[in-house]
A.B. asks: 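Please find one structure pasted underneath; my questions will follow.
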2 protein chains.
Amino acid sequence: MPAPERTSTEQVVTEARRILEQRGADGLTMQAVASAVGVRAPSLYKRVAGRDDLLRLALEATALEVGDRVDRALAGAPADARGALGAVADATREYAAEAPVAFGLLFGPLPDAARPRTEVLASASAAVLALGRRLAGPDHELAAARTITAWMTGFIGMQHAGAFRLSGDVEEAWRFGVEALGAALEARRC
Amino acid sequence: MPAPERTSTEQVVTEARRILEQRGADGLTMQAVASAVGVRAPSLYKRVAGRDDLLRLALEATALEVGDRVDRALAGAPADARGALGAVADATREYAAEAPVAFGLLFGPLPDAARPRTEVLASASAAVLALGRRLAGPDHELAAARTITAWMTGFIGMQHAGAFRLSGDVEEAWRFGVEALGAALEARRC
DNA sequence: ACCTGAACACCGTTCAAGT
DNA sequence: ACCTGAACACCGTTCAAGT
């Protein structure tokens with residue numbers, strides 16, 4: 001005797017991401033998600049293996065969206081490599097401002113079951129890898145891409161953690177970093 | 001009628017940090033800490049306001065220890081600014097390897113009550129501020145310090161999140177970043 | 001003054017029973 | 001085939017009662 005589906009994995013993940021941003025990581029409970037999609041908590045286990053699995057799906061969706069945003073920003077970016085770096089960095093930072101909780105969790109300490117799979121992270125950062133090659137040349141493409149990603153995610157994390165609250169111009173520090181990194185990576189090209 | 005103290009705030013925080021690293025953030029429960037220090041969970045509320053408050057104390061202790069390590073590394077570092085940057089970066093990364101969970105949480109999304117106070121983060125990063133001045137000069141000291149901290153914490157976070165798992169030499173990427181940043185920041189001095 | 005057991009509201013998760 | 005209520009083990013937190 002079939003029973004009608006009252007929700008879908010997609011809707012479950014969408015609501016999970018909304019709740020994550022609105023109520024924080026602690027607010028992401030199975031009951032909150034269930035009530036948002038109109039079922040009871042046990043029904044969610046037909047769609048996901050558990051809370052950590054649901055968190056992983058939410059974070060992977062976030063990672064893929066970051067990748068999309070970066071791709072789109074690159075399409076409309078200046079032709080020079082340093083201009084492209086600025087476009088990638090700004091697009092990433094803008095996205096992070098829209099989904100700060102998920103973005104912050106992406107590179108933080110997580111239970112294994114909640115950790116985004118490496119392939120998903122890799123596919124989401126393919127554009128940054130190409131940017132590393134444009135800036136620093138093929139010999140240093142991976143190291144350059146990692147330097148860029150590390151700086152961006154670190155800066156954004158510090159900003160949302162309030163580490164910049166006391167003083168100084170955050171925008172200026174961001175532009176300073178973009179320009180310093182762009183110059184440094186180009187100088188390493190061989 | 002006084003009752004003897006069976007534990008202390010210091011011991012509670014020490015055990016909380018140990019449990020945090022051994023069992024992860026989810027493993028840090030009031031009951032686990034209470035049993036480690038030899039009392040029942042409700043007794044912990046004589047020492048801390050709640051779980052988030054205890055987490056904050058643990059993270060602040062971690063931040064101060066990072067600062068100590070960096071200070072000591074600087075004392076034995078080469079006299080040139082770029083050598084000092086390498087010493088600071090390596091000391092930070094070594095400490096993060098010893099306490100990856102706490103270090104990763106430090107700049108991640110946290111409930112307000114668990115977030116380390118800005119003054120504590122600032123005092124722990126005073127040495128990096130001085131390093132920023134040595135590298136980039138007084139006009140850019142804050143922006144340079146933020147660039148350094150952002151890159152270090154981002155890199156370390158990515159490493160522990162497993163973002164580097166697939167390929168490439170992580171050590172090479174780290175040294176590449178240190179050298180690129182050192183050169184870039186020195187070039188901005190005026 | 002600190003510690004405790006008992007209690008409360010809430011979790012994640014399992015599972016037999018419904019349709 | 002999916003959904004549900006009931007149940008279980010576990011949380012954080014409060015508080016009256018013990019010493």
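For clarity, every value in this text was computed on a predicted model and none was experimentally measured. Here is the naming used below: chain letters follow the sequence lines, and residue numbers restart at 1 for every chain.
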A.B. asks: Within 45° of the axis and under 6.0 Å from the centre of the six-membered ring of F176(A), does NZ or CZ of R146(B) qualify?
C.D. replies: no

A.B. asks: Thinking salt bridges, do R56(B) and E60(B) make one under a 4.0 Å N-O criterion?
C.D. replies: yes

A.B. asks: Counting only side-chain heavy atoms from C-beta out, which of dC3(C), dT13(D), dC2(D) sits nearest to K46(A)?
C.D. replies: dC2(D)

A.B. asks: Considering only dG5(D), dC3(C), dT14(D), which nucleotide approaches the side chain of V39(B) most closely?
C.D. replies: dC3(C)

A.B. asks: Where does the angle between the aromatic ring planes of F155(B) and W174(B) fall among parallel (under 30°), tilted (30 to 60°) and perpendicular (over 60°)?
C.D. replies: perpendicular

A.B. asks: Looking at the side chain of R47(B), which of dC2(D), dC3(C), dT13(D) is the nearest nucleotide?
C.D. replies: dC3(C)

A.B. asks: Tell me which nucleotide among dT19(C), dA1(C), dT14(C) gets nearest to the side chain of P42(A).
C.D. replies: dT14(C)

A.B. asks: What is the base-pairing partner of dA16(D), counting Watson-Crick and G-U wobble geometry with both distances under 3.5 Å?
C.D. replies: dT4(C)

A.B. asks: How many Å lie between CG on D26(B) and C1' on dC11(C), as a whole number?
C.D. replies: 12 Å

A.B. asks: Starting the side chain at C-beta, find the nucleotide from dG12(D), dC2(C), dT19(C) nearest to Q31(B).
C.D. replies: dG12(D)

A.B. asks: Does one hydrophobic cluster hold both L135(B) and L74(B), with members joined at side-chain heavy-atom distances below 4.5 Å?
C.D. replies: yes

A.B. asks: Calculate the interatomic distance between R51(B) atom CZ and dT14(D) atom P; express it in whole Å.
C.D. replies: 15 Å

A.B. asks: Using a cut-off of less than 4.0 Å, is there contact between a side-chain N or O of S43(A) and OP1 or OP2 of dT4(D)?
C.D. replies: yes

A.B. asks: May I ask which nucleotide in the shown strands pairs with dA9(D), Watson-Crick or G-U wobble, both distances under 3.5 Å?
C.D. replies: none

A.B. asks: Report yes if at least one side-chain N or O of R40(A) is closer than 4.0 Å to OP1 or OP2 of dG18(C); otherwise report no.
C.D. replies: no

A.B. asks: Rounded to the nearest Å, what distance is computed from the CD atom of residue E5(B) to the C1' atom of nucleotide dT19(D)?
C.D. replies: 15 Å

A.B. asks: Looking only at the side chain of T29(A) (C-beta and beyond, no hydrogens), which of the listed nucleotides dT13(D), dG12(C), dC3(C) gets closest?
C.D. replies: dG12(C)

A.B. asks: Measure from the side-chain heavy atoms of Y45(B) and tell me the nearest of dT13(D), dC2(D), dT13(C).
C.D. replies: dT13(D)

